[in-house]
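Only heavy atoms go into these numbers, but all of them, side chains included; no hydrogens, no water, no symmetry mates. Order of the sequence lines sets the chain letters (A, B, ...), proteins ahead of strands, with each chain counted from 1.
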Amino acid sequence: MTAKLNRPQSIKLYKDMVTIRAFEEEVRKMFSAGLAPGLVHLYSGQEAVGVGTCATLDKDDYIASHHRGHGHCIAKGSDITRLFAEIIGRRPGYSLGRGGSMHIHDPETGNLGTNGIVGGSVPLATGAALSAKLRGTGQVAISFFGDGVLNQGILFESLNMAALWSLPVVFVCENNGYGEFTEIDDVTAGRPYTKRGAAFDIPADKYDGMDVLVVYDAVSKAVERARKGKGPSFLIFDTYRYSGHSVGDKQEYKDEKERQLWEARDPIQKMAKLMVKMKLATKNDLKKMDEEINSTVVAAAKVAKKMPVPGADDLARHVYAP
Amino acid sequence: MPPDSSANIQSDRNITLKAAVLEAMFEEMKCDENVVLIGEDVGAAGGVFKQTEGLFETFGADRVIDTPISESAIFGLSVGAAMAGSRPIVEVMFGDFLTLVMDQLVNQAAKVHYMSAGGFNVPLVLRTGIGIGGSLGPQHSQSLHSWLAHIPGLKVVMPSSAADAKGLFKAAVRDNNPVIFMEDRMTYNLKEHVPTGEKIIPLASAAVKRKGVEVTIFAISRAVHTALAAAEILLEEKNISTEVVDLRTLAPLDVETIVSSVRKTGRAIVLDGGYKSFGITGEIAATIGELVFDYLDAPVMRLAAPDIPVPYSPSLESLMVPSVDQVVAKVSTMFGDSV
């Protein structure tokens with residue numbers, strides 16, 4: 001995409017990544033201030049994967065996310081004030097404040113939900129793809145999952161059926177190197193991990209997940225293939241989570257050098273440098289955008305903090321559908 | 001549907017429970033193209049018990065989908081498909097295999113509507129065969145309905161007869177929630193008159209299958225037939241007038257019918273093919289105790305499968321199923337008979 005990159009596209013990708021980074025910084029502050037009552041898992045560092053992927057999709061395409069899912073919600077177009085509200089348990093949130101960070105669903109943007117079960121959302125995306133195929137809608141589904149899912153059985157069951165029935169689903173593995181506090185390489189056999197997709201004759205490859213344009217290109221091809229009825233793809237993006245498993249994790253298991261190496265590959269800085277180099281924006285333009293986004297995000301957080309908590313009459317709503 | 005595809009549906013309208021559910025599937029698939037059947041051997045093979053025969057020929061491979069043996073993802077895919085607008089009927093061959101489906105059932109399907117604040121529905125039916133009989137052994141004979149009825153967001157339906165099965169199945173397919181439809185395999189071939197046409201039986205409606213005034217037997221699925229046989233003997237041999245209430249659905253439970261029967265008879269016994277400990281017999285006994293204790297002339301009694309894995313040898317297997325004699329004896333003690 002680099003060669004053809006135009007100004008509006010590049011700005012959209014850049015802004016979405018900056019928005020996610022700023023959003024997660026506010027979430028961290030909310031958590032530290034005791035406003036977020038539960039667990040939060042931040043997406044900082046992995047922005048290129050969510051943004052590059054969702055930029056290839058139409059609004060009615062599906063995504064199914066995981067426990068580190070705020071970035072996916074934002075990239076797919078959810079409202080950041082309502083996201084903040086959900087994370088701090090307020091009524092205007094996507095689940096009336098009853099789901100929290102790991103249980104955010106947004107039908108308007110085709111978001112089948114962040115998910116608290118590692119691997120739990122993989123069949124949901126695959127099933128939405130099955131439905132899209134049966135109904136002939138032309139929609140595709142993205143299954144976002146972390147490296148931990150490489151060792152969950154449900155992934156293999158889903159890959160098999162996706163391949164067997166040529167379902168319009170793209171499996172997007174975000175390999176941030178760690179499952180909770182354990183290095184993925186310490187607990188995973190079968191290198192390279194792309195073999196897991198290839199075993200089912202699914203086109204499978206590994207990419208730099210710190211480069212939003214690389215992600216965009218790889219997912220674009222996979223989405224196009226899916227839309228044409230040619231079936232699933234299995235993409236692994238190498239990336240890094242800056243902030244530990246959840247907020248509060250001191251990350252003593254990480255090597256300082258490793259952290260510095262990854263931070264030097266920061267996806268937002270990378271994109272900024274490229275945009276300046278290609279004269280798509282000046283440093284000053286980018287600085288202005290950063291400031292605007294920051295103040296928008298901070299303002300949204302401020303609004304969310306004033307939102308009401310759910311009332312007792314919200315407790316038992318939606319247990320069953322009418 | 002082409003005439004030959006309904007050859008297995010008898011025309012005299014006395015049809016088996018298995019045929020009645022098949023008929024319900026034909027009708028529901030015909031009237032809503034979003035209804036699809038998915039599972040192991042449900043397509044070309046027509047089901048391992050011939051319970052889906054003819055559907056594949058009528059509706060084709062896009063609507064009747066044969067799957068690999070991957071219960072967890074079969075069900076998980078169905079949840080995703082339901083969220084996206086399909087209305088899957090998922091078959092899990094044996095109720096014992098629900099253990100493989102539990103994450104997708106309990107953590108995903110049951111909670112999606114709640115977690116999305118009503119934004120997504122999960123309209124699907126999980127159909128599975130349960131029950132003891134035929135020496136299928138410890139891993140193919142369990143009745144785990146109590147596990148499922150424990151989970152908010154799931155509905156659990158267990159018909160005892162052909163007409164009920166058809167009407168309840170149609171209601172289950174039209175319901176916008178995940179509904180677990182459990183048929184005891186020992187009831188598959190029980191015949192009765194099933195009316196033609198649209199007869200939907202609302203979920204959460206128990207049925208009084210026999211009227212009586214001195215004691216109520218609450219039962220579900222196959223146990224209803226045990227209760228009815230016992231009621232006949234109790235009348236003939238002990239002159240005890242027994243009411244039999246078929247719960248039909250466990251979740252939601254028709255509490256109103258339960259308490260109004262106890263108000264009338266003053267005695268209750270709960271009969272179930274599942275395990276006794278922490279099972280539905282305890283739940284219903286406790287409900288009666290909480291709501292209509294003052295009407296009781298005797299403690300609420302329970303009869304269920306003993307807390308033992310279901311053994312293989314017929315000599316032992318038969319001891320796992322509460323018998324008509326056991327029901328008669330237990331009810332008799334509630335009237336002062338020593339056994």
Undergrad: Against chain B, work out which of Thr137(A), Leu164(A), Ile104(A), Asn115(A) has the most heavy-atom pairs shorter than 4.5 Å and name it.
TA: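 It is Asn115(A).
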Undergrad: Between Asp62(B) and chain A, which part of the residue has a heavy atom less than 4.5 Å away: side chain, backbone, both or neither?
TA: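 For Asp62(B), backbone and side chain are both near chain A.
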Undergrad: Less than 4.5 Å to any heavy atom of chain B: does that hold for the side chain of Arg135(A), its backbone, both, or neither?
TA: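 Just the side chain, heavy atoms under 4.5 Å.
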Undergrad: Tell me if a side-chain donor or acceptor on Asn177(B) pairs with a main-chain N or O of Ala321(A) at a distance below 3.5 Å.
TA: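 Yes, because the side chain of Asn177(B) sits within donor-acceptor range (under 3.5 Å) of the backbone of Ala321(A).
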Undergrad: Non-hydrogen atoms of chain A under 4.5 Å away: do they reach the side chain of Val122(B), the backbone, both or neither?
TA: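 Contact with chain A is absent: no heavy atom of Val122(B) under 4.5 Å.
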Undergrad: So does Ile69(B) have more than 12 non-hydrogen atoms from other groups sitting under 6.0 Å from CD1?
TA: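 Counting other residues, nucleotides and ligands, CD1 of Ile69(B) stays at 12 neighbours or fewer.
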Undergrad: To check you understand the geometry: which heavy-atom pair defines the closest contact between Arg98(A) and Ala117(B), and what is its length?
TA: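 That closest heavy-atom pairing would be NH2-CA, 3.6 Å.
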Undergrad: Show your working on side chain to side chain contact (heavy atoms under 4.5 Å, CB included) between Ile65(B) and Trp165(A) and close with a plain yes or no.
TA: CA-CA 10 Å; Ile65(B) 303 168; Trp165(A) 300 329; 3.6 Å; yes
Undergrad: In terms of heavy-atom pairs under 4.5 Å with chain B, which of Leu155(A), Leu134(A), Leu96(A), Leu167(A) leads?
TA: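 Among the listed options, the one with the most contacts to chain B is Leu134(A).
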Undergrad: Would you sort out whether Lys111(B) and His103(A) count as a side chain to side chain contact (heavy atoms under 4.5 Å, CB included), showing the intermediate values?
TA: CA-CA 10 Å; Lys111(B) 295 171 175 52; His103(A) 314 97; over 6 Å; no
Undergrad: Looking at side-chain heavy atoms only, is the closest gap between Ser72(B) and Gln152(A) below 4.5 Å?
TA: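 Sidechains of Gln152(A) and Ser72(B): no contact.
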Undergrad: Kindly confirm or rule out a cation-pi arrangement of Arg317(A) over Tyr114(B), judged by NZ or CZ under 6.0 Å from the six-membered ring centre and within 45° of its axis?
TA: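 Judged by the rule, Arg317(A) and Tyr114(B) form no cation-pi pair.
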Undergrad: Just do the side chain to side chain contact (heavy atoms under 4.5 Å, CB included) check on Gln104(B) and Ile154(A) with the steps written out, would you?
TA: CA-CA 10 Å; Gln104(B) 289 298 317; Ile154(A) 192 126; 4.0 Å; yes
Undergrad: Side chain from CB out, backbone as N, CA, C, O: work out which of these in Glu33(B) comes under 4.5 Å of a heavy atom of chain A, or both, or neither.
TA: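 Contact with chain A: none, neither part.
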Undergrad: Please state whether the side chain, the backbone, both or neither of Leu154(B) comes within less than 4.5 Å of a heavy atom of chain A.
TA: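 Contact with chain A involves the backbone of Leu154(B) alone.
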Undergrad: Of the listed residues (Gly99(A), Ala128(A), Gly93(A)), which shares the most heavy-atom pairs with chain B below a 4.5 Å separation?
TA: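 Greatest number of close heavy-atom pairs with chain B: Ala128(A).
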Undergrad: What part of Tyr62(A) gets closer than 4.5 Å to chain B, counting heavy atoms only: side chain, backbone, both or neither?
TA: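 For Tyr62(A), the side chain is the part near chain B, not the backbone.
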Undergrad: Can you check whether Met115(B) reaches His318(A) side chain to side chain, under 4.5 Å on heavy atoms?
TA: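 No, every pair of side-chain atoms sits at 4.5 Å or beyond.
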Undergrad: What's the shortest heavy-atom distance between Gln108(B) and Gly120(A), and which atoms?
TA: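 So the two residues come closest at NE2-CA, 3.6 Å.
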Undergrad: Need one label for Asp314(A): side chain, backbone, both or neither, based on atoms under 4.5 Å from any heavy atom in chain B.
TA: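 Contact with chain B is through the backbone of Asp314(A) alone.
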Undergrad: Give the member of Gly127(A), Ser121(A), Gly153(A), Gly116(A) that has the highest number of heavy-atom pairs under 4.5 Å with chain B.
TA: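 Greatest number of close heavy-atom pairs with chain B: Gly127(A).
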Undergrad: What residue in Pro68(B), Gly85(B), Ala84(B) has the most heavy-atom pairs under 4.5 Å with chain A?
TA: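 Of Pro68(B), Gly85(B), Ala84(B), Ala84(B) has the most heavy-atom pairs under 4.5 Å with chain A.
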Undergrad: Which answer fits Leu112(A), side chain, backbone, both or neither, if we ask what part of it has an atom under 4.5 Å from a heavy atom of chain B?
TA: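 Contact with chain B involves both backbone and side-chain atoms of Leu112(A).
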Undergrad: What distance do His105(A) atom NE2 and Ser116(B) atom OG have between them, rounded to the nearest 0.5 Å?
TA: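 His105(A) NE2 to Ser116(B) OG: 6.0 Å, rounded to 0.5 Å.
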Undergrad: Taking the side chain as everything from C-beta on, heavy atoms only, tell me whether Leu77(B) gets closer than 4.5 Å to Met161(A).
TA: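 Leu77(B) reaches Met161(A) side chain to side chain.
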